[in-house]
Amino acid sequence: MGRILLTGATGFLGGAVLHQALSRRDGTEWVCLVRCPSAEQGRQRIAARLSRFTDPFTAQRLARSVEVVPGDFTRADLDADPRLDSVTHVLHLAADTSWWGEERVSRTNHDGTLALARRARTMPRLARFLHVSTAMICGAEAPSLVEEAAYPSRDARHLVAYTVSKAAAETSLAGTFSDLPIVVARPSIVVGHSTLGAAPSSSILWVIRAADRLRLVPCDPDSAVDVVPVDWVADSLLGLLRKSQLAHDLYHVSAGARARATWHDLMRAFEAADPAGGVRTFTRFDLAADRALLRRRFAETFGLDGSLKQAMLRAVRAYYAFSSLDLTFSNARLLAEGLPPPPAFADYLKVCLANAPEITEQFADDLDMFVPPAPSLPLTASA
Ligand SMILES: NC(=O)c1ccc[n+]([C@@H]2O[C@H](COP(=O)([O-])OP(=O)(O)OC[C@H]3O[C@@H](n4cnc5c(N)ncnc54)[C@H](OP(=O)(O)O)[C@@H]3O)[C@@H](O)[C@H]2O)c1
């Protein structure tokens, strides 16, 4: 396809993109901007991420086929490395995905993205700059079927600083960099891999499992949750990079109306995938009013000893807030480009549960997102 600059290669989505793309050996050159002291150390970081998708030998082989440029995308405008000049496509995945820590996430996700865009202006062969945002920039009061064009919106009520920073980056890119061939992709909630299950990452999967164990739903059981697997997201992003003509410059990469799950579907899917857990009867509760119920049930189910469990309870509460919003992100634009539709979460839940470690262990994959920016959000016993 050309020469692609990838940011975020050491992350969950970046690993999936590289694994899918490099396994195809289609002659594309991949240049990875990685935070590392040397190119070899960066390559080892990429190999470590790829080894979550394949055996260690193949991971090393694949990692050897990319060019590694040590660097920080937030300072890309100061990076004169000539290997960046001949890039034809940028896939910008890197971000600070922690939910709190306003100043830091804004600096990385907004200011940093603009620094990368300034560097992209000096790439004479650039045909596409695919910026990966998040569908959650719609905020908490969006209609239940969310269309791309309605956002970013000044009126959105954000739940966390992370989505504020992603919305701001989109607004500034559109306002200041209309000379660049920017396309924005907004994944919804990325959970597991459709054939490798939880091996690449347990991110967010642990919280869906925790909800199943807690037997608590924070909303009407017919509310929708828009979940997609990482391999499908990776293929969709590669499709959006590859197509020379696109009808739009903004796409949800989401389950959409056909593949979304309701809480009710999730309960039935757990019953089918994990019959040993019995018939699921869930209690509907009010996240704001019934804090004590959630805390008590959590303590009975997982224990509440130590700061890890307390962080996990805070994270469960935060995710429950998102998953009670009843949002489905339309993927009609993506499908109209001829890209394959996503599988439904219920169809690959079983593979996600196979050989899965304890839920508290899986939480480790998301722990960084919930480390509070001291001293404003201390881990207290009242979490
Ligand atoms: N996962 C989801 O459910 C989801 C849903 C919607 C949208 N997204 C978006 O998809 C993208 C990727 O998400 P993810 O889940 O793969 O995130 P992730 O696993 O947290 O990975 C983040 C990546 O960004 C890199 N990074 C952060 N700051 C950097 C910097 N200053 N310079 C260079 N690299 C930097 C990290 O590098 P280090 O390894 O050096 O830290 C890592 O490779 C993000 O833009 C996110 O907003 C994700």
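Read the numbers this way: they start at 1 and go in the same order the structure lists the ligands and their atoms. Since the model is a prediction, treat every value here as computed from it, not as a measurement. Just so you know, residue 1 is the first one in the sequence shown, and it goes up from there.
- Between the choices Val230, Thr97, Thr113, the shortest heavy-atom distance to atom 13 (O) of ligand 1 belongs to Thr97.
- No donor-acceptor contact under 3.5 angstrom links the side chains of Thr88 and Arg125, judged on distance only.
- Looking at heavy atoms from C-beta onward, Tyr151 lies out of side-chain contact with Leu250 at the 4.5 angstrom threshold.
- Here Met136 has no heavy atoms under 4.0 Å from ligand 1, in either its backbone or its side chain.
- Taking every non-hydrogen atom of Leu13 and a distance limit under 4.0 Å, the qualifying atoms of ligand 1 come out as 1 (N), 10 (O), 15 (O), 16 (O).
- With Val253 as the partner, the side-chain contact (heavy atoms from CB on, under 4.5 Å) test is satisfied by one option alone out of Ser236, Ser188, Ser133: Ser236.
- Contact annotation for Ser133 and ligand 1: only backbone heavy atoms (N, CA, C, O) come within less than 4.0 Å of the ligand.
- Taking all heavy atoms of Leu93, Val132, Leu6 into account, the minimum distance to atom 44 (C) of ligand 1 is reached by Leu93.
- Within ligand 1, the atoms closer than 4.0 Å to a non-hydrogen atom of Gly11 are 16 (O), 19 (O), 21 (O), 42 (C), 43 (O), numbered from 1 in the order shown.
- Side-chain rings of Trp99 and Tyr319 approach one another, their centers coming within less than 6.0 Å.
- Those atoms of ligand 1 with a heavy atom of Phe12 less than 4.0 angstrom away are 15 (O), 16 (O), 19 (O).
- With a 4.0 Å heavy-atom cut-off, ligand 1 is reached by no atom of Ser201.
- The aromatic ring centres of Phe285 and Tyr320 sit less than 6.0 Å apart.
- Atom 46 (C) of ligand 1 has as its closest protein heavy atom Tyr162 OH, 3.3 Å.
- Side-chain atoms of Ser172 come within 3.5 Å of backbone N or O of Ala168 as a donor-acceptor pair.
- Looking at Thr134 and Tyr162, their side chains come closer than 4.5 Å, going by heavy atoms from C-beta outward.
- Scanning Ala115, Ala94, Ala95 for the heavy atom closest to atom 35 (C) of ligand 1 points to Ala94.
- Comparing heavy-atom distances from atom 6 (C) of ligand 1 across Ala135, Ser188, Ala9 singles out Ser188 as nearest.
- Every atom of ligand 1 with a heavy atom of Thr74 under 4.0 Å away is listed here by number and element: 31 (N).
- Here is the list of ligand 1 atoms found below 4.0 Å of a heavy atom in Lys166: 44 (C), 45 (O), 46 (C), 47 (O).
- For the pair Gly15 and ligand 1, no heavy-atom separation below 4.0 Å is found.
- Contact analysis puts Arg45 in contact with ligand 1, with a non-hydrogen atom separation below 4.0 angstrom.
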